[in-house]
Each structure stands twice: as C-alpha cells, then as structure tokens.
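Report on the following structure.
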Amino acid sequence: MLLNPLSLRQAGASDWPAIEALLLANKLPVEGAREHLATYVLAISNGDVVGCAGAEVYGAVALLRSVAVAPGLHKKGIGRLMLQTLLQQARARDIASLHLLTVTAPEYFAQFGFKRGSREDAPAALKASAEFQGACPACAAFMSLTLRELPKRDGDLPVAVLGAGPVGLAAAAQLIERGLPFVVLEAGREVGTHLLDYGHVRLFSPWRYNVDASMARLLAPTGWMAPPDAELPFAAEVVERVLKPFAALPAVAGALQLGARVTALSREGYDKVKSTGREQAAFVVRYVQDGRERSVRARAVIDATGTWRTPNPLGAHGLPALGEAAAASQIFYGIPDVLGAQRLRYTGRRTLVVGAGHSAANALLSLAELAREAPGTRLAWAVRSPSLQRVFGGGSADALPARGELGSALQRLRENAELEFFSGLHITEIRREASGQLTVLGTDAQQRPIEVPGIDEIICATGQRPDLRIGSELRLKLDPWLESTEALGPLIDPNLHSCGTVRPHGHRELSHPEPGFYTVGVKSYGRAPTFLMATGFEQARSVVAALAGDLEAADRVELDLPETGVCSLGADHADAGSSACCGAPGETRPAAEAPAEVASPLAITAPASASCCGPQPARDAAAPASRCCG
C-alpha cells in the first residue's frame with residue numbers, strides 16, 4: 001500500500017540536505033549527486049522528503065542512481081513509483097539507454113527490465129561519473145536497460161580541427177599518430193597567424209615548453225632539428241621553425257585549409273532543440289573561403305580557435321568605455337611592435353598602457369626603451385588593481401628566469417619614475433578632444449573621479465575573451481562567468497586560484513553535452529588568464545586519445561610545468577579582468593604572458609571508496625542491509 005498522502009516532484013538545490021541525509025541513511029554514495037539534482041525525483045509526504053531517485057544524463061545515455069527511501073517506509077511502493085517516473089522522463093528526454101551499478105539489488109532492478117552486463121562495456125561517457133570513478137566498488141553489478149536503438153555513425157568522416165595554431169596543429173599530430181582522418185580549418189592565410197601578430201615578442205618559456213612532442217616525432221624523419229631546449233624563442237620563431245615545417249608534411253598539407261574562416265557549427269539535420277538520434281548525426285562545419293560559403297561534415301570537432309581576435313575592452317565593467325569605438329584609430333589591442341614596425345606611431349607621443357599582465361609589461365618596457373632613444377616620447381600606465389605584487393611577479397623565485405626578470409624590469413621602471421602611474425583606475429569613457437588627443441575618464445577604488453588628459457595613443461592589454469557565436473547551435477555547458485567549459489571553471493577561476501593551484505586536466509573537463517565537441521587551447525579557459533601552451537598540448541593529446549577510444553591514455557596526465565614565484569601568491573591579488581598573474585594573450589600565449597600551473601606531473605585517480613553503490617532498491621523488496629561485497 002502506498003504511503004498517504006504522497007506526491008512526486010523534481011528536486012531543487014534547497015533539497016540537497018534532505019537528499020544527502022536519505023543517501024547516508026541508506027548507505028549510498030553522495031559523491032557527484034549534488035551536481036545532478038535537476039534530474040532527481042523526490043517523494044514527498046506531509047511536506048517531508050521521504051524518497052529520492054536520480055539520473056546523471058550524458059547525451060543519449062544516463063546513469064540511474066541514488067534510489068533511496070526513508071528508513072521505516074520501505075516496502076510501500078515508493079521506490080517503484082519513483083523508478084517508473086524516472087523511466088517515463090528518460091523516454092521523454094529521448095534517452096537511448098539507462099545504466100546502473102548495484103551491489104545488493106540486481107534482482108530488484110531486473111523487474112524493470114535491466115540486464116546484467118560487463119562494466120568494461122559501459123558507455124564511455126558514464127566512466128567520468130563519480131560512481132565509476134570510485135564511489136562504487138569494483139564488485140558492483142553493472143546493469144543496462146535499452147529504451148531505443150542508436151543509429152549507426154558514419155565512421156569514415158574526419159575530425160574537424162578549428163585553428164592551425166600550436167594547439168590545433170598538436171591535435172592534428174595526435175590524429176595522425178592515431179590514424180584518424182582529419183581536416184584543419186584556419187582563418188588566416190598561414191599557420192600560426194595569432195603568434196605572428198606578436199612575433200616580435202621573445203617568449204619567456206624556453207623551447208622545451210613550446211614544441212609538442214607528437215609534432216616533433218613526426219618531423220624527426222625529415223631531418224628537422226629540434227631547437228635547443230633551454231633557448232628562448234621569439235613568437236615568430238615558433239611559427240617558422242616548428243609550425244610551418246610541420247604544416248608542410250604531406251599528411252598535414254593535404255588536410256589543411258587556409259583562409260577558411262569558420263562561421264557556424266551544427267548537427268546534420270538537427271537544430272539545438274531536437275534530441276532523437278542527435279549524438280549519431282554528423283557535425284556540419286560552415287566556413288567561408290575565397291569569398292565562398294562552404295561546409296564540411298565531421299565525426300567530431302576540436303575547437304582550437306583561440307581568443308586573440310576578441311580582446312577585452314578598456315571599460316572596467318566589461319563593456320567598451322563610452323567613446324572607445326570612436327577612438328579606435330588611436331587604440332591598439334594587444335602587443336604592438338613599438339621598436340619595429342609601429343615605431344613611428346609611438347615616437348614623440350604620450351602613450352597610455354592599460355593592463356596588469358605580461359602583455360602590458362612588454363609594451364611598457366619597449367616604450368621606455370623608445371623614450372630613451374627618442375626625446376619627447378612619454379609613457380603612462382594604468383591598472384585596475386591597487387596592488388602590483390602579482391604584476392611584478394616572483395623575480396628570482398620564478399623557475400623561468402626570463403619571466404621573473406620581466407616583472408623585475410617593470411618594477412625597476414616603476415621605481416625609477418620613468419613612467420606616470422595611475423593605480424586603481426576604472427576607465428568609463430574615452431573622450432576625443434579638439435586637438436586630436438584623448439582624455440581618459442574613470443574612477444578610483446573609492447569611486448572618486450579620475451581624469452587623464454593629453455593622451456596620444458592607448459595600448460589596451462586587458463586580456464581576451466572567447467567568441468562563442470560559432471557554437472550557438474550546439475549544446476554547450478559553459479562556466480557562467482569565465483565562459484570556459486563548465487567543468488574547468490572551478491579549477492581555473494582566478495578569483496579562487498593562483499596559477500600554481502590549477503591542476504592538469506584532459507578530455508573530461510573539456511567536453512560539452514554535445515558529444516564529440518571539445519574546446520581546447522586558450523578558448524577552453526574562456527576569460528581566465530592562466531593558460532600555458534604546454535597545457536594545450538596535453539589537452540590535445542587527451543582529447544584525441546578519447547576520440548580514438550583509448551580512455552586509459554586519455555585519462556592519464558602527461559604534463560610537467562615549471563614552478564613560478566608569482567603564482568605562489570594568494571589569489572587575493574588577482575584581477576580577473578586583466579591578464580594578471582600568469583595570463584596571456586592569444587591561443588598560444590606568448591611566454592611574455594604564459595602561466596606556470598603545476599610543478600610536476602600529477603596522476604589524477606579517483607580515491608578508493610568502501611561505500612556501496614547505488615542505486616540500491618528503495619527497500620520495497622526484502623533486501624538485506626547494503627554491503628560492499630560481504
């Protein structure tokens with residue numbers, strides 16, 4: 001007999017304490033449950049939560065878990081009612097199959113059509129769940145229920161790699177080594193276009209961190225000589241000495257489309273709303289090349305388009321400052337070649353550099369050198385944060401000496417009064433005067449007005465942000481403020497983390513609810529300023545291994561990064577609106593901006609757990625108390 005009165009409803013965030021108590025009372029794991037409350041069904045009696053049952057949805061498959069009923073209310077049909085409701089919802093969501101892990105109740109779930117299977121045959125997407133990662137013991141029975149048959153996928157389609165920077169080409173190298181067909185679409189007329197934009201900048205990370213191992217292996221038979229590990233390259237040298245030779249390899253050249261600007265992505269025959277069979281449909285990649293609109297079908301998409309072409313504005317509130325667009329001819333976004341191609345633009349002029357990262361440091365040091373050579377050249381510096389500790393860096397404590405020296409040189413410039421300095425300036429307006437000069441208006445940390453008149457040129461070095469428009473028809477899950485992949489957001493949030501606390505990561509953190517679509521490179525970090533080129537190489541390796549079905553390799557971490565003095569500072573000094581700490585511009589980050597994330601390789605493994613897995617029966621059957629294998 002059912003408990004009376006009884007009602008069912010969907011769970012919300014405020015229900016977590018009651019759900020957690022139910023799971024603990026039934027000796028079920030709580031790991032990972034809270035992140036999936038939106039798909040939990042609750043049984044309510046007299047206003048109290050007396051039962052719960054949940055599902056973790058991964059595209060077309062779902063993991064049934066957390067079936068629990070309050071002690072003393074077992075064998076009243078509550079669990080059966082919740083399970084029937086979850087099955088109805090799964091069919092309505094067009095879930096193809098439901099799966100579960102259980103120790104004590106395989107016979108109970110067999111009543112609903114679940115059949116035993118091999119845990120090794122579980123869908124790959126489920127293996128990222130907390131239960132598969134250790135919350136459930138290895139002795140748990142794996143069971144599945146098929147709701148609809150999945151259509152066959154066209155296995156001959158290529159993987160589409162978007163962007164031919166270092167990370168995109170590293171993905172191509174991995175695909176070659178895995179024997180997977182691919183196409184690379186690059187908007188520029190040559191590979192490494194973003195790097196060439198700041199080609200005059202010497203990177204502070206040596207060659208050993210700027211050459212992908214798989215690219216080096218493929219280049220070696222051609223007689224290519226690897227650059228000296230400890231030498232510091234210019235950004236343009238990475239293109240000339242690595243990317244261009246690699247792009248010339250027949251296996252790459254035949255798959256590389258230059259001048260191909262990707263404009264949109266979707267699933268063949270599916271808009272964003274339609275679900276049935278979606279995961280088996282080919283991707284459609286729309287691009288423009290030589291003035292013609294074209295498209296290519298792909299089995300998967302690796303987006304390595306970067307963020308270099310979408311810089312942050314001068315406005316401190318994330319929007320362009322008033323008048324910023326009108327003053328665009330006097331504003332340079334990025335790192336200008338002050339001592340080379342753009343020398344005349346800044347000679348004899350007063351230039352304001354805005355930003356607190358290594359891009360700003362490079363620009364200021366170049367302007368200072370120009371000022372010593374060309375009388376009348378003046379420089380000013382504006383930062384939003386009143387603290388410069390993180391900007392100046394770790395000095396001799398930095399394992400990359402060139403990075404430490406960059407911050408130290410900037411500090412000396414500041415202490416020697418070779419520049420005007422405006423601390424805590426939040427720019428709100430750029431006003432062009434009759435003289436042609438600019439006046440910068442804003443406020444300080446106490447909301448007092450600040451006015452900086454007589455500016456001839458502005459260099460905006462406030463970082464970049466991702467352009468999300470091409471994926472607007474895909475099902476993406478983004479961190480709400482960083483616009484990184486959602487799983488990566490908490491790991492890299494500059495409000496909480498310094499560069500030294502960002503751990504290595506791979507395909508699981510880079511995936512989206514759209515199966516087969518991955519964001520890699522600096523775009524995966526969204527607005528977070530803590531990316532390093534070597535991190536992107538590791539991302540590419542993990543993602544391609546996952547696409548090849550080699551989850552053991554995909555989950556293995558293969559990354560060794562240098563320690564840094566600056567990133568050992570507390571996160572209180574971070575300025576998320578700039579390239580602070582270890583931030584960098586562009587998909588591949590000049591080392592003038594690159595962070596150090598971790599000191600040594602870290603193996604990410606799930607902790608062993610003695611807790612038993614769910615779902616367990618809601619005690620409708622006369623099941624014994626939950627035991628792990630005893």
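Bear in mind the structure is a predicted one, so any value in this text is a computation, not a measurement. Numbering starts at 1 and runs along the sequence shown.
Counting only distance, with no hydrogens or angles, the side chain of Gln330 and the backbone of Ala327 share no donor-acceptor pair below 3.5 Å. Looking only at distances, no side-chain donor or acceptor of Ser295 sits under 3.5 Å from a matching main-chain atom of Arg286. Judged by distance alone, with hydrogens and angles left aside, the side-chain atoms of Asp444 form no donor-acceptor pair with the main-chain N or O of Gly424 at under 3.5 Å. A donor-acceptor pair is defined here as one N or O able to donate and one able to accept, closer than 3.5 Å; such a pair exists between the side chain of Glu324 and the backbone of Ala321. No side-chain donor-acceptor contact under 3.5 Å links Arg378 to the backbone of Gly348.
Atom-to-atom distance recorded for Trp308:CH2 and Asp197:CG is 6.5 Å, nearest 0.5 angstrom. In this structure, CG in Leu185 is found 8.5 Å from CG in Leu256, a value given to the nearest 0.5 Å. Rounded to the nearest 0.5 Å, atoms CD1 (Ile302) and OG1 (Thr519) are 10.5 Å apart.
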Could you go step by step and tell me if Ser524 and Gln539 meet the side chain to side chain donor-acceptor pair (under 3.5 Å) rule? CA-CA 10 Å; Ser524 69; Gln539 290 178 339; 3.1 Å; yes
Could you give me the CA-CA distance, side-chain angles and deciding distance for Gln289 and Gln257, then say whether side chain to side chain donor-acceptor pair (under 3.5 Å) is met? CA-CA 9 Å; Gln289 187 179 42; Gln257 297 286 328; 3.1 Å; yes
Evaluate side chain to side chain donor-acceptor pair (under 3.5 Å) for Asp456 paired with Thr351, printing each intermediate quantity in order. CA-CA 6 Å; Asp456 298 301; Thr351 300; over 6 Å; no
Assess whether side chain to side chain donor-acceptor pair (under 3.5 Å) is satisfied between Thr310 and Gln464, documenting all intermediate values. CA-CA 6 Å; Thr310 47; Gln464 292 77 31; over 6 Å; no
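Under the 4.0 Å criterion applied to side-chain N and carboxylate O atoms, Glu231 and Arg241 are assigned as salt-bridge partners. A salt bridge links Lys523 with Asp303; the closest basic N to acidic carboxylate O contact falls under 4.0 Å. The residues Asp290 and Arg292 are annotated as not salt-bridged, no charged nitrogen and carboxylate oxygen being separated by less than 4.0 angstrom. A salt bridge does not link Arg261 to Glu186: none of the charged side-chain nitrogens sits closer than 4.0 Å to a carboxylate oxygen.
Remark: Phe517 engages His512 in a ring-ring contact (aromatic ring centres under 6.0 Å, His included) (not counting sequence neighbours). Checked against side-chain hydrogen bond (donor to acceptor under 3.5 Å, both in side chains), Glu473 has no partners two or more places apart in sequence or in another chain. Evaluation of the side chain to side chain contact (heavy atoms under 4.5 Å, CB included) rule for Lys244 yields Glu190, Val191, Val239, Glu240 as partners, not counting sequence neighbours. Residues passing the ring-ring contact (aromatic ring centres under 6.0 Å, His included) test with His200, sequence neighbours excluded: none. Considering only residues two or more places apart in sequence or on other chains, Glu538 meets the salt bridge (Lys or Arg N to Asp or Glu O under 4.0 Å) condition with Arg541.
Within the structure, side-chain hydrogen bond (donor to acceptor under 3.5 Å, both in side chains) pairs that include any residue of residues 334-343 comprise Arg343-Glu373 (at least two apart or interchain).
Using a 4.5 Å heavy-atom cutoff, the side chains of Arg432 and Thr439 are not in contact. Considering only heavy atoms from C-beta on, Leu352 comes within 4.5 Å of Val440 through its side chain. No side-chain heavy atom of Thr485 sits under 4.5 Å from any side-chain heavy atom of Tyr525. By the 4.5 Å heavy-atom criterion applied to side chains, Val159 and Val301 are not counted as neighbours.
The nearest pair of heavy atoms linking Leu364 to Leu379 is O-CD1, 3.7 Å.
Ring-plane geometry between Trp381 and Phe421 is classed as tilted, the angle between the planes lying from 30 to 60 degrees on a 0 to 90 degree scale.
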